Protein chains: 2
Amino acid sequence: MNQYLAVLKNCTLFREVNPSELKEILNRMKSKIVSYPTEAIIAGEGENCDHIGIILAGEIEIQKIYSSGKTVTMARFQAGNIFGEAIIFSKQHFYPGTVVSRSATKILFLHKTAVIALCRNYPPVLESFMKLLSERILMLNKKITELSLGTIRQKICFFLLEEYKKQKSPLIKLTMSKETLAEHMGIQRPSLSRELIKMREEGLIDFKKKYITIKNLKQLEESLLE
Amino acid sequence: MNQYLAVLKNCTLFREVNPSELKEILNRMKSKIVSYPTEAIIAGEGENCDHIGIILAGEIEIQKIYSSGKTVTMARFQAGNIFGEAIIFSKQHFYPGTVVSRSATKILFLHKTAVIALCRNYPPVLESFMKLLSERILMLNKKITELSLGTIRQKICFFLLEEYKKQKSPLIKLTMSKETLAEHMGIQRPSLSRELIKMREEGLIDFKKKYITIKNLKQLEESLLE
DNA sequence: GTATTTATGTAACAAATGTTACGAATTAAA
DNA sequence: TTTAATTCGTAACATTTGTTACATAAATAC
């Protein structure tokens with residue numbers, strides 16, 4: 001077990017734990033380490049999930065496999081990553097996809113009861129676990145906000161207002177090409193260009209080279225909320 | 001404090017706690033109860049959040065207030081609900097919006113440290129807290145999946161495939177009007193009609209009254225993944 | 001059964017966005 | 001400075017979805 005100290009030390013769950021305490025934890029906690037060859041099925045979609053997995057070596061994916069044969073990768077994890085942490089405490093705790101090893105893999109499995117014991121006995125672990133889940137929620141909230149933007153104009157307004165807050169100025173400096181910006185917004189570059197020009201013609205913004213100037217902040221907000 | 005026993009008993013955090021234990025918890029935990037009149041600002045956007053709030057009475061909203069004066073309600077909470085639970089453990093723990101009372105309100109505030117102590121001493125509370133966060137993550141994941149569907153056809157395919165799984169039959173019985181279904185999908189009813197007819201003409205489905213028959217499951221999946 | 005109300009299909013048109021192609025402008029390299 | 005490469009604006013056309021209006025079908029009420 002000590003051979004994985006370095007990986008576990010970097011695992012988000014144990015990051016706030018001091019080295020001697022980590023050793024103690026490793027000695028006390030009830031876990032099992034399983035090795036998988038490449039392309040092994042670690043767990044099937046719909047199977048009960050009552051352990052978290054910490055990847056000690058290798059790489060895995062959670063895949064959605066359709067009856068048509070198509071496979072979509074939902075998530076990918078490597079050494080030091082945890083999977084299953086949001087599932088074990090949920091009401092219906094089943095895997096949302098098939099867990100597959102992409103290379104020779106070693107996984108440390110911790111049963112839910114062991115996780116609970118760990119959290120109770122080691123407050124840094126409890127906090128880290130809560131933080132892991134909380135940061136995930138905040139990240140998902142952000143993504144939903146972005147995905148909820150309907151029109152190209154709304155996406156541009158959202159972007160500009162966020163940058164205005166970040167850069168603390170109506171003069172926004174772009175750190176990427178318009179093509180890349182369009183990609184991040186999930187739209188086509190010529191469409192982005194078209195809408196930017198329209199907004200300039202309407203007097204909301206001006207732009208030149210790597211800069212966009214906000215000329216009508218209020219109208220940007222109103223367009224965002226439409 | 002005992003006067004709020006009924007509300008707290010129904011609070012998701014204490015639902016798995018037995019009555020005598022709940023009394024003990026209430027006596028031991030360090031908390032403060034604050035009363036607010038209607039339309040009072042409980043916390044401002046960007047303010048530090050290091051307490052969770054449990055609503056004992058009344059109703060609050062988290063609002064996004066724009067400089068243009070417009071207000072968007074992000075979330076609403078009533079007696080028994082908890083707010084801030086995903087924030088206190090996050091890296092940057094500030095309120096994402098302004099917390100406002102919509103009526104005369106009493107809130108029980110629990111500092112992060114008290115929450116940690118509670119979780120350590122009462123495993124049912126720990127589990128409930130984890131479950132709260134976990135269920136939220138699963139719900140947000142689901143919402144992202146739905147919001148990621150681009151075209152009307154993809155939305156229909158997704159819906160039909162989910163119902164196929166639920167109803168275990170290619171004969172899908174609709175439990176709502178097509179107008180309501182369109183609303184849930186975030187599209188217009190005539191547009192839904194149009195696409196359903198197109199899909200029928202292409203041989204993917206058939207429909208009559210309250211039933212849709214899946215005729216080409218494989219093609220539905222392929223359309224979903226485009 | 002009849003009358004009324006609601007749901008649905010459908011057509012026509014409008015609006016928004018994607019796609020393709022190419023020239024102009026800008027940036028990078030020699 | 002010149003040349004090459006990349007980025008961007010723009011036009012034309014295609015596709016998708018929204019919107020409006022109205023007729024028909026289905027469901028509900030009496």
Side-chain angles (χ1 to χ4, degrees), chain A residues 145-160 163 171-215 219-226, chain B residues 145-160 163 171-215 219-226:
Chain A
T145 298
E146 283 163 8
L147 282 169
S148 298
L149 300 167
T151 61
I152 293 181
R153 179 162 293 204
Q154 282 174 324
K155 290 176 201 268
I156 293 172
C157 290
F158 182 74
F159 168 76
L160 291 176
E163 286 302 306
L171 183 66
I172 311 293
K173 172 167 182 166
L174 301 180
T175 56
M176 66 188 89
S177 73
K178 287 201 183 133
E179 169 122 42
T180 303
L181 183 57
E183 264 176 44
H184 286 181
M185 289 181 179
I187 61 180
Q188 302 301 311
R189 179 195 59 78
S191 306
L192 172 62
S193 241
R194 172 169 53 201
E195 195 63 34
L196 283 173
I197 289 162
K198 261 173 45 192
M199 289 169 76
R200 184 172 60 186
E201 283 166 356
E202 290 171 29
L204 300 202
I205 62 172
D206 198 10
F207 61 90
K208 186 175 178 128
K209 290 188 182 181
K210 283 288 196 186
Y211 293 89
I212 298 181
T213 307
I214 294 174
K215 298 177 67 176
Q219 185 58 46
L220 287 201
E221 285 181 348
E222 295 187 358
S223 297
L224 177 62
L225 300 178
E226 268 165 8
Chain B
T145 298
E146 283 163 8
L147 282 169
S148 298
L149 300 167
T151 60
I152 294 181
R153 180 161 294 203
Q154 282 174 325
K155 291 176 202 268
I156 293 171
C157 289
F158 182 75
F159 169 77
L160 290 176
E163 287 301 306
L171 184 66
I172 310 295
K173 173 168 181 166
L174 301 181
T175 55
M176 65 188 89
S177 71
K178 287 204 180 130
E179 170 125 43
T180 304
L181 183 58
E183 265 176 44
H184 285 182
M185 289 181 180
I187 60 180
Q188 301 300 312
R189 178 196 61 78
S191 306
L192 173 62
S193 240
R194 172 170 53 200
E195 196 63 31
L196 283 173
I197 289 162
K198 261 173 48 191
M199 290 169 75
R200 183 173 62 185
E201 282 166 358
E202 289 172 30
L204 300 201
I205 61 172
D206 198 9
F207 60 90
K208 184 170 183 141
K209 291 189 180 177
K210 284 287 198 186
Y211 294 88
I212 298 181
T213 307
I214 294 175
K215 298 177 68 175
Q219 187 57 47
L220 286 201
E221 284 181 349
E222 293 187 359
S223 296
L224 177 62
L225 300 178
E226 269 165 5

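Sequence lines set the chain letters: A, B, ... in the order given, protein chains first and strands last, and positions in each chain run from 1. All values reported here derive from a predicted model rather than from experimental measurement.
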- Atom pair distance, as rounded to whole Å: CG in B/L196 and C1' in C/dT8: 11 Å

- Of B/L174, B/I172, B/L171, the one forming a side-chain contact (heavy atoms from CB on, under 4.5 Å) with B/Y211 is B/L171

- Message: From the set C/dG18, D/dA27, D/dT16, return the single nucleotide nearest to any side-chain atom of B/K209.
- Response: D/dA27

- Message: Nearest to the side chain of A/I187, heavy atoms from C-beta on, is which of C/dG18, C/dT10, D/dG9?
- Response: C/dG18

- Note on the structure: From CD of A/Q154 across to C1' of C/dT17 the rounded distance in Å is 14 Å

- Listed nucleotide nearest any side-chain atom of B/S193, set C/dA21, C/dG9, D/dG9: C/dG9

- Under 3.5 Å donor-acceptor pair, B/R189 side-chain atoms to D/dG18 base atoms: no

- Task: Take A/K198 and B/E179, find for each the nucleotide of DNA chain C with the closest heavy atom, and name the residue whose nucleotide sits nearer the 5' end.
- Result: B/E179

- Flag if over 12 foreign heavy atoms under 6.0 Å of NZ, A/K210: yes

- Message: Does D/dG9 have OP1 or OP2 under 4.0 Å away from a side-chain N or O of A/K178?
- Response: yes

- Message: Distance check needed: D/dT17 P versus B/M199 CE, whole Å only.
- Response: 12 Å

- Item | Euclidean distance, atom CZ of residue A/R200 to atom P of D/dT10 [Å, nearest integer] | 7 Å

- Nearest-nucleotide pick for B/I152, side chain only, options being D/dG18, C/dT17, D/dG9: D/dG18

- Message: Test side chain to side chain contact (heavy atoms under 4.5 Å, CB included) on B/K198 and B/I156; report intermediate values, then the result.
- Response: CA-CA 12 Å; B/K198 261 173 48 191; B/I156 293 171; over 6 Å; no

- Please round to the nearest 0.5 Å and tell me the distance separating atom CG of A/L160 and atom CD1 of A/I214. 5.0 Å

- Task: Could you check which of C/dT19, D/dC8, C/dT8 has an atom nearest any side-chain atom of B/S177?
- Result: C/dT8

- Item | Protein-nucleotide distance (A/R194, atom CZ; C/dA16, atom C1'), rounded to Å | 8 Å

- Would you kindly give the CE-to-P distance between A/M185 and C/dT17, to the nearest whole Å? 12 Å

- In whole angstrom, give the distance that lies between atom CD of A/Q188 and atom P of D/dA14. 18 Å

- Message: Between P on C/dT10 and CZ on B/F207, what's the gap in Å once rounded to a whole number?
- Response: 7 Å

- Ignoring backbone atoms, test whether A/S191 places a side-chain nitrogen or oxygen under 4.0 Å from the OP1 or OP2 oxygen of C/dG18. yes

- Could you grab the distance from atom CE of A/M199 to atom CZ of A/R194, nearest 0.5 Å is fine? 14.0 Å

